[in-house]
Amino acid sequence: MAETVADTRRLITKPQNLNDAYGPPSNFLEIDVSNPQTVGVGRGRFTTYEIRVKTNLPIFKLKESTVRRRYSDFEWLRSELERESKVVVPPLPGKAFLRQLPFRGDDGIFDDSFIDERKQGLEQFINKVAGHPLAQNERCLHMFLQDEIIDKSYTPSKIRHA
């Protein structure tokens, strides 16, 4: 019986130069959720968030984009990904039902501290989702991140590499 011996030689690497060390990363996807704006009055009042994307991943058609989304759009994206993909989708920040009660003495879900906390939670959510290689193939994610208006009657499909 032949004995196998592990190959312990090191890989030959080329020395790193300054361009390699400080140049742009080979693949990157940066998503920022910022600039919350509350619009509407009474029961029609809601907050939207600016979603900024910068990437050099070939699967995205736009290398930079900015769209505005509200919390219900994030809920739509999460339910689409759960329904259509094999990805375990992380939870969204909570709905804050107690903050919607009348006579609270603050602005409830429109309070600056709550909006800022939700903004951070939404940014963590979208970065986890968009960073997943299988989720990056889903058409709903691309619409959410880069299309001005989400076509909620779209046909679910996979994105093919460019």
Side-chain angles (χ1 to χ4, degrees), residues 19 21-102 104-154 156-159 161-162:
N19 286 339
Y22 296 103
S26 55
N27 283 327
F28 70 92
L29 174 63
E30 297 172 7
I31 303 173
D32 296 319
V33 177
S34 61
N35 196 13
Q37 293 178 353
T38 300
V39 295
V41 288
R43 299 199 43 74
R45 193 171 171 200
F46 59 91
T47 302
T48 62
Y49 303 86
E50 187 175 272
I51 314 281
R52 274 208 157 110
V53 178
K54 286 184 181 179
T55 186
N56 66 354
L57 294 175
I59 198 158
F60 288 96
K61 65 182 180 207
L62 301 173
K63 298 309 165 200
E64 289 190 29
S65 63
T66 304
V67 294
R68 289 203 77 79
R69 299 288 181 248
R70 57 190 287 186
Y71 185 83
S72 60
D73 296 329
F74 283 87
E75 290 178 315
W76 171 84
L77 174 65
R78 186 172 193 281
S79 70
E80 287 298 300
L81 287 170
E82 283 181 330
R83 188 169 56 106
E84 293 302 324
S85 74
K86 305 286 185 265
V87 178
V88 176
V89 185
L92 281 165
K95 275 295 272 181
F97 291 111
L98 294 177
R99 282 194 165 269
Q100 296 176 26
L101 295 174
R104 281 186 45 90
D106 65 4
D107 283 337
I109 61 171
F110 302 108
D111 189 60
D112 288 342
S113 64
F114 174 75
I115 289 173
D116 191 52
E117 193 177 302
R118 178 173 270 182
K119 175 182 72 71
Q120 290 172 8
L122 293 174
E123 185 171 272
Q124 287 174 347
F125 167 80
I126 197 62
N127 274 289
K128 282 180 187 172
V129 167
H132 194 291
L134 293 177
Q136 289 174 1
N137 293 322
E138 296 296 332
R139 187 159 173 241
C140 58
L141 177 67
H142 288 254
M143 280 193 323
F144 180 87
L145 290 174
Q146 299 192 318
D147 291 357
E148 195 62 41
I149 296 170
I150 296 174
D151 175 12
K152 293 188 179 176
S153 64
Y154 83 113
S157 63
K158 304 286 183 216
I159 300 290
H161 285 283

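The figures that follow rest on heavy atoms only: side chains count, while hydrogens, waters and symmetry mates do not. Just so it is clear, the structure is predicted and the values come from calculations on it, not from any experiment.
Within the model, atoms CZ of F60 and CG of L141 stand 5.0 Å from one another, a figure rounded to the nearest 0.5 Å. Here the NE2 atom belonging to H132 is positioned 14.5 Å from the CG atom belonging to N127, to the nearest 0.5 angstrom. Between atom CG of residue D32 and atom NZ of residue K54 there is a gap of 8.0 Å, rounded to the nearest 0.5 Å. Note that CG of L145 is 11.0 Å distant from NZ of K61, once rounded to the nearest 0.5 Å. Distance check, rounded to the nearest 0.5 Å: CG of N56 to CD of E64 gives 11.0 Å.
In this structure the side chain of L134 never reaches within 4.5 angstrom of the side chain of S85, judged on heavy atoms. You'll find the side chain of V87 stays beyond 4.5 Å of the side chain of Q136, heavy atoms only. Put simply, the side chain of L122 reaches to within 4.5 Å of the side chain of Y49, judged on heavy atoms. At a threshold of 4.5 Å between non-hydrogen side-chain atoms, the residues Q124 and Q120 do not count as touching. Annotation: side chain of R68 is in contact with side chain of N35 (closest heavy-atom distance under 4.5 Å). A 4.5 Å side-chain heavy-atom check between K158 and E138 finds at least one atom pair inside the cut-off. Annotation: side chain of T38 is not in contact with side chain of F46 (no heavy-atom distance under 4.5 Å). Using a 4.5 Å cut-off on side-chain heavy atoms (C-beta onward), I31 and T55 make no contact.
Closest heavy-atom contact between P91 and F125: O-CD1, 3.7 Å. Nearest heavy atom pair, residue V129 against residue A135, reads O-CB, 3.3 Å. Nearest heavy-atom pair, H142 versus I59, reported as atom, atom and distance to 0.1 Å: CE1-O, 3.2 Å. Listed here is the closest heavy atom pair of P36 and I115: CB-CG2, 3.4 Å. Nearest approach of G121 to P93, heavy atoms of both residues: C-CG, 3.8 Å. Of all heavy-atom pairs spanning E80 and C140, the tightest one is CB-SG, 3.8 Å.
The pair E123-K119 does not count as a salt bridge, with every side-chain nitrogen at least 4.0 angstrom from each carboxylate oxygen.
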Check your understanding: Which is it for V33 and R118 under the side chain to side chain contact (heavy atoms under 4.5 Å, CB included) test, yes or no, and what are the steps along the way?
Key -> CA-CA 10 Å; V33 177; R118 178 173 270 182; over 6 Å; no
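By the neighbour-count criterion of 12 heavy atoms within 6.0 Å, atom NZ of K86 is sparsely surrounded, having that number or fewer from other residues, nucleotides or ligands. Within a 6.0 Å sphere centred on CZ of R139, heavy atoms belonging to other residues, nucleotides or ligands number more than 12.
Among residues two or more places apart in sequence or in another chain, the side-chain hydrogen bond (donor to acceptor under 3.5 Å, both in side chains) test is passed with K128 by none. Among residues two or more places apart in sequence or in another chain, the side-chain contact (heavy atoms from CB on, under 4.5 Å) test is passed with L62 by S65, Q146. For R69, the side-chain contact (heavy atoms from CB on, under 4.5 Å) criterion is met by I51, V67, D73, F74, F144, I150, not counting sequence neighbours.
Between the side chain of K63 and the main chain of V53, no donor-acceptor pair closer than 3.5 Å is present.
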